[in-house]
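Read the structure below first, then the notes.
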Amino acid sequence: MRKLLSIIFLLSIFNLNGQSIYFERGKIIDSVKIKNTTETYTLYLPKTFKENQPSAIVFIFDPAARGKIGIQPFIESSEKYNYILVCSNNCKNGPNDENFKFIDNLFKEVLTTFKINQNLIYTAGFSGGSRLASIVAVISKKIQGVIACGAGFSSNLSQKPTFETFSYVGLVGDSDMNYQEMFSVKDWCTRFGIDHEIFTFEGDHRWPPSSEVLKAFDWLELQAYKKGLKHVNEDIVEETYQKNYVQAKSLESSNQIELSVFEYERILRNYSRYFNLDSISSKVNELKKEKQYRADVKIREQIISEETKTTNIFVQKFNSDVKSEILKKNNYEWWRRELNKINFKYLKHEDSRFRKMVERIRYSIFALSFETAQEFLRENDIKKAVFCHELNTEIYPSRPYTFLRLSMDYALLDNQESMLLNLKRAMEKGFKNKDYILKQKEFSKYINDAKFKKILDSF
């Protein structure tokens, strides 16, 4: 954590004038170099950007340090609200000590290059990058808002917010394994009086579409008005109110009563200062009396209970397996049986909420197994990494990358037969990026191998 202390100092003294360096507007600029380092960042300046005016800025963290991918969902919001976008090409999932060093260098470079409004500095991220965005806000005390996508807070209590002044907006897909986690974040924020909103969208564990990110920035704009950081733009207030109202009305019309109540209550929280909303308040009270609302609440509570119980069973089994002799036996029978049980029970359920629950459970175990494998690889415990990646082929037997990752493990173990078998499976299931395969260091000793080349050339 000490590595981030310089950010706190820097944010209080940085050069408000910036440097006179020209960057093209309205274009993603990849690999902007950070002086005196080998590090880079990706930059996007909105078309309305003006060098001589203090700008709002969003520092974005992608879990795989993919600057272009991290910036893409934010461009629509950048153009609407005139935010500079910066995404690190170095910060990624992994030990945070190294990430803190990268963040220090990134902040120093960007804050002395551009004229930044100190009151309008935001952080954003996806998955592990979401947790990192929150950590930066908690430690620096200088961040105005966090846009958290697909994951909540750090598990480290000292890095979780308590009585913070920043605004927090969460975005999560309804099939994302961290879906329930984001609602526990809501409870945490309520407990400590942190201004927050959680938006859900149809999708799994991935960056949200730009239309969903724009909802977050619409809300952050209202927060800026509320805090006196910006003058109220009545057109924006009217436009975003209408957008929220149409969404709530659409859900009500499609008989998704509990979800419509969530949206109407969101309107009451955010627009009561601008409009008389007695009619919406009355509507909420009436909807909560409906039979469908009570049924929706009951189903949601049932899903939370079942999802928590089933996920805990899988997690306990996984933790037990990686410590036991099962690694030597490669016995996945229990996993096949239990995965088939939940698939049979819920995957064809007439209610999509149960089908999405199954997807969240499966992906949560997949993610746990994948991340654990990465830890084992860093520790050079390849056999345990093989167990994790083999398990992932059981969870998602049609996904080609799971087999490619397993092939790379066997290459490290000099098990050519298993390496070739899983490489072939990966390509049979649709992995076609041969250049990617050839660039992986695990395969370096096999590039000129006749059998290896034959498999690549056959697809």
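Below, all heavy atoms of this structure are taken into account, side chains as well, without hydrogens, waters or symmetry copies.
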### Query
Between Asp30 and Thr42, does any side-chain donor sit less than 3.5 Å from a side-chain acceptor?
yes
### Task
Could you verify whether a donor N or O on one side chain and an acceptor N or O on the other, from Glu359 and Ser175, lie under 3.5 Å apart?
no
### Message
Can you confirm whether the side chains of Gln223 and Asn270 place a donor and an acceptor under 3.5 Å from each other?
### Response
no
### Spatial distance of atom OG (Ser407) from atom OH (Tyr401) [nearest 0.5 Å]
11.0 Å
### Query
Within a reach of under 6.0 Å around CD of Glu428, are more than 12 heavy atoms found that belong to other residues, nucleotides or ligands?
yes
### Electrostatic pair Lys341:Glu338 at N-O distance under 4.0 angstrom
yes
### Query
Is it true that the side chains of Glu39 and Asn105 contain a donor and an acceptor less than 3.5 Å apart?
yes
### Task
For the pair Lys80 and Asp218, find out whether any cationic side-chain nitrogen is under 4.0 Å from an anionic carboxylate oxygen.
yes
### Task
Give a yes or no on whether a salt bridge exists between Arg353 and Asp296, defined as a side-chain N under 4.0 angstrom from a carboxylate O.
yes
### Task
Would you check if the side chain of Ser369 reaches a backbone N or O of Cys388 as a donor-acceptor pair within less than 3.5 Å?
yes
#### Entry: Sequence neighbours excluded - side chain to side chain donor-acceptor pair (under 3.5 Å) pairs with any residue from residues 446-459
Gln416-Asp449
#### Entry: Candidate list Phe59, Phe49, Phe217, Phe74, test ring-ring contact (aromatic ring centres under 6.0 Å, His included), partner Tyr83, passing option
Phe217
### Message
If the condition is ring pair (Phe, Tyr, Trp, His ring centres under 6.0 Å), which residues does Trp219 pass it with, not counting sequence neighbours?
### Response
none
### Query
If you draw a 6.0 Å radius around NZ in Lys68, do more than 12 non-hydrogen atoms from other residues or ligands fall strictly inside?
no
#### Entry: Distance-only donor-acceptor check, side chains Asn156 and Ser154, under 3.5 Å
no
### Query
So Phe354 and His349, ring pair (Phe, Tyr, Trp, His ring centres under 6.0 Å) or not? Walk me through it.
CA-CA 6 Å; Phe354 287 94; His349 201 287; 4.3 Å; yes
### Query
Just by distance, with hydrogens left out, do Trp334 and Asp321 show a side-chain donor and acceptor under 3.5 Å apart?
no
## Note on the structure
Contacts of Asn36 meeting side chain to side chain donor-acceptor pair (under 3.5 Å) (sequence neighbours excluded), chain-then-number -> none
### Residue pairs involving residues 411-435 (criterion ring pair (Phe, Tyr, Trp, His ring centres under 6.0 Å); sequence neighbours excluded)
Phe431-Tyr436
### Message
Would Phe126 and His205 count as a ring pair (Phe, Tyr, Trp, His ring centres under 6.0 Å) here? Give the steps.
### Response
CA-CA 9 Å; Phe126 165 62; His205 190 61; 4.6 Å; yes
### Query
For Asn178, which residues count as a side chain to side chain donor-acceptor pair (under 3.5 Å) partner, sequence neighbours excluded?
none
### Query
Has Arg399 got its NZ or CZ under 6.0 Å from the middle of the six-membered ring of Tyr396, at an angle within 45 degrees of the ring axis?
yes
### Query
side chain to side chain contact (heavy atoms under 4.5 Å, CB included) with Gln247: which residues, sequence neighbours excluded?
Lys215, Leu251, Glu263
